[in-house]
Structures are given as C-alpha cells and as structure tokens.
Participant: 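Can you keep this structure in mind? I'll have questions shortly.
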Amino acid sequence: MTRRHTIKFALLFALLPASVSQNLRAQDQAPIPDLKPEAAMPTAPPRGASLPAKGEHRFWDQTNGWLFAGVAASRTLDYFSTLNMRARGRQEILLTNDVVDNHAAFAAIEAAGTATSIGVSYLFHRYGHHKLERWTSIIHIGLTSTGAVRNYCLKTAHPAAAKSP
C-alpha cells in the first residue's frame with residue numbers, strides 16, 4: 001500500500017466517526033415546558049408510568065463528560081509518547097512506522113480512537129448497559145495511559161557501532 005493510500009485510508013477512518021458524532025448530540029432533546037398552570041395539590045403519577053430504572057441517566061451527563069475528556073487526554077498522551085519513542089529510534093508495534101511518522105495521519109487515527117470509544121459508550125447507553133457504558137471509557141483510559149507510560153519508559157535505541165579493524 002502506498003503512502004498516499006495509507007493517508008486516504010486514515011482520513012476516511014477518522015471522518016467516519018466524526019460524521020456520526022453529530023447525530024449523537026441530537027438524541028437528547030430539551031423537554032418542552034408545560035404552559036398549563038400548576039395545580040395547588042400535588043398529583044400522583046398516572047398508573048402505568050414507570051420511574052426511571054436505577055442507573056439510567058442522560059448520555060452527556062457530567063460523569064460521561066469527564067470520562068470522555070479523560071479518553072481524549074490519554075489518547076493525546078499516547079500520541080506524544082509515541083512520537084517521542086520514534087524520535088529515540090524505537091519501533092512502533094501496533095501501527096506501521098510510516099503511519100506514525102506522518103503526524104497528520106497519526107493524529108487522525110488517535111482522534112478516531114477517541115470518537116470510537118465515545119460511539120461504543122453511546123451504543124451501550126442506548127441499549128441500557130449503563131455500567132458497560134462507563135467501563136468502556138475507564139478501560140480505554142487505563143490501557144492507553146499504560147501504553148503511553150511504557151513508551152516513555154523504553155530505553156533509547158542505540159545503533160550498533162561498527163567495529164573498526
């Protein structure tokens with residue numbers, strides 16, 4: 001695969017989750033205010049109306065906001081730690097070195113990873129798996145941060161010195 005095809009693929013991979021993210025924000029609609037006057041006596045909820053189940057919440061609540069910010073921060077840390085590792089002569093193991101050395105493509109891949117994590121969390125939220133929704137971000141932060149720390153802990157690769165006769 002040529003470098004041009006690699007860049008096009010990385011951009012396509014990055015733009016796909018970004019196009020879906022606009023639809024995610026449109027899911028939560030503000031309630032329409034009731035213009036009827038309030039009754040003097042509180043009324044009981046109508047029969048058949050269910051209370052929110054334990055664990056239900058809005059998708060863009062404060063907890064998810066902090067978790068998604070943590071995912072973005074850990075992906076940013078991974079980006080810079082990988083560039084630092086490459087500058088010290090080490091080899092990338094998950095991606096090709098050509099992709100990592102192309103900073104725009106690598107940044108797009110990191111952004112796509114963040115968007116994918118948010119998308120997976122949304123799917124869990126949508127289908128009522130609220131604990132998995134939160135754990136997706138927590139595990140993503142942990143794994144990405146661990147990889148970034150590992151990158152910084154690697155020793156600099158020194159080229160083998162040629163022995164002189």
Side-chain angles (χ1 to χ4, degrees), residues 1-31 52 55-162:
M1 187 183 280
T2 65
R3 186 175 184 138
R4 177 177 277 168
H5 291 331
T6 303
I7 293 171
K8 286 181 182 179
F9 178 74
L11 289 175
L12 177 65
F13 187 69
L15 292 177
L16 182 65
S19 66
V20 176
S21 68
Q22 290 295 330
N23 295 334
L24 295 178
R25 280 190 255 144
Q27 297 298 320
D28 293 337
Q29 295 181 0
E56 282 192 22
H57 57 90
R58 293 176 60 101
F59 180 66
W60 290 107
D61 66 351
Q62 185 176 12
T63 304
N64 272 349
W66 282 109
L67 286 171
F68 298 153
V71 169
S74 66
R75 294 303 291 214
T76 303
L77 179 64
D78 180 57
Y79 173 81
F80 287 111
S81 71
T82 303
L83 292 182
N84 176 278
M85 178 189 74
R86 286 289 297 140
R88 292 182 294 127
R90 301 299 298 211
Q91 303 297 313
E92 172 63 31
I93 56 175
L94 296 177
L95 299 171
T96 64
N97 289 330
D98 289 337
V99 172
V100 174
D101 293 339
N102 181 347
H103 294 218
F106 187 45
I109 290 170
E110 293 287 359
T114 302
T116 302
S117 180
I118 294 171
V120 169
S121 291
Y122 176 74
L123 288 175
F124 283 136
H125 174 82
R126 176 75 171 91
Y127 292 104
H129 301 288
H130 299 289
K131 286 185 179 181
L132 291 176
E133 168 192 354
R134 306 273 200 214
W135 276 102
T136 299
S137 297
I138 293 167
I139 291 171
H140 193 144
I141 291 167
L143 291 175
T144 307
S145 298
T146 301
V149 169
R150 177 195 171 273
N151 288 346
Y152 280 119
C153 291
L154 291 172
K155 294 183 179 182
T156 301
H158 297 289

Participant: Rounded at 0.5 Å granularity, tell me how far CZ in Phe124 sits from NE2 in His129.
Facilitator: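 So the CZ of Phe124 and the NE2 of His129 are separated by 7.0 Å.
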Participant: Would you call His57 and Thr63 a side-chain contact if the rule is heavy atoms closer than 4.5 Å?
Facilitator: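 No - every pair of side-chain heavy atoms lies 4.5 Å or more apart.
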Participant: What's the spacing between Leu132 CG and Arg134 CZ if we round to 0.5 Å?
Facilitator: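 So the CG of Leu132 and the CZ of Arg134 are separated by 12.0 Å.
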Participant: Quick one: closest heavy-atom pair of Phe106 and Leu83, and the distance?
Facilitator: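 Looking at all heavy atoms of both residues, the closest pair is CD2-CD2, 4.2 Å.
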Participant: Quick one, Phe59 and Ile118 - any side-chain contact, counting heavy atoms below 4.5 Å?
Facilitator: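 SC-SC contact between Phe59 and Ile118 confirmed.
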Participant: Checking Ser117 side chain against Thr114 main chain: does a donor-acceptor pair fall under 3.5 Å?
Facilitator: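 Absent.
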Participant: Indicate yes or no for a side-chain donor-acceptor contact from Arg88 to the backbone of Leu154 under 3.5 Å, with no hydrogens or angles considered.
Facilitator: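 Flag set: sc Arg88 to bb Leu154 pair under 3.5 Å.
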Participant: Can you tell me how far the CG atom of Leu67 sits from the CD atom of Gln62, to the nearest 0.5 Å?
Facilitator: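 The CD atom of Gln62 is 10.5 Å from CG of Leu67, to the nearest 0.5 Å.
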Participant: Rounded to the nearest 0.5 Å, what separation is found between the OG1 atom of Thr82 and the CG atom of Leu77?
Facilitator: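 The OG1 atom of Thr82 sits 9.0 Å away from the CG atom of Leu77.
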Participant: Taking distance alone, no hydrogens or angles, what donor-acceptor pairs closer than 3.5 Å link side-chain atoms of residues 68-76 to residues at least two apart or in another chain?
Facilitator:
residue: Ser74; atom: OG; partner: Gly70; partner atom: O; Å: 3.2
residue: Ser74; atom: OG; partner: Val71; partner atom: O; Å: 2.9
residue: Arg75; atom: NE; partner: Glu110; partner atom: OE1; Å: 2.6
residue: Arg75; atom: NH1; partner: His140; partner atom: NE2; Å: 3.1
residue: Arg75; atom: NH2; partner: Glu110; partner atom: OE1; Å: 3.0
residue: Thr76; atom: OG1; partner: Ala72; partner atom: O; Å: 2.8

Participant: What is the minimum heavy-atom distance between Ser81 and Tyr152, and which atoms define it?
Facilitator: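 In this case the closest contact between Ser81 and Tyr152 is CB-CE1, 3.3 Å.
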Participant: Does Asn151 reach the side chain of Asp78, with side-chain heavy atoms less than 4.5 Å apart?
Facilitator: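 Counting from C-beta outward, Asn151 and Asp78 do come under 4.5 Å.
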Participant: Give, for atom OH of Tyr79 and atom CG of Asn84, the distance between the pair rounded to the nearest 0.5 Å.
Facilitator: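 Answer rounded to 0.5 Å: 12.5 Å.
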Participant: Got Gln91 and Arg86 here, is their nearest side-chain heavy-atom distance under 4.5 Å?
Facilitator: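 Yes, at least one pair of side-chain atoms sits under 4.5 Å.
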Participant: Backbone N or O of Glu92 within a donor-acceptor pair of the Asn97 side chain at under 3.5 Å?
Facilitator: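 Confirmed, Asn97 side chain pairs with Glu92 backbone.
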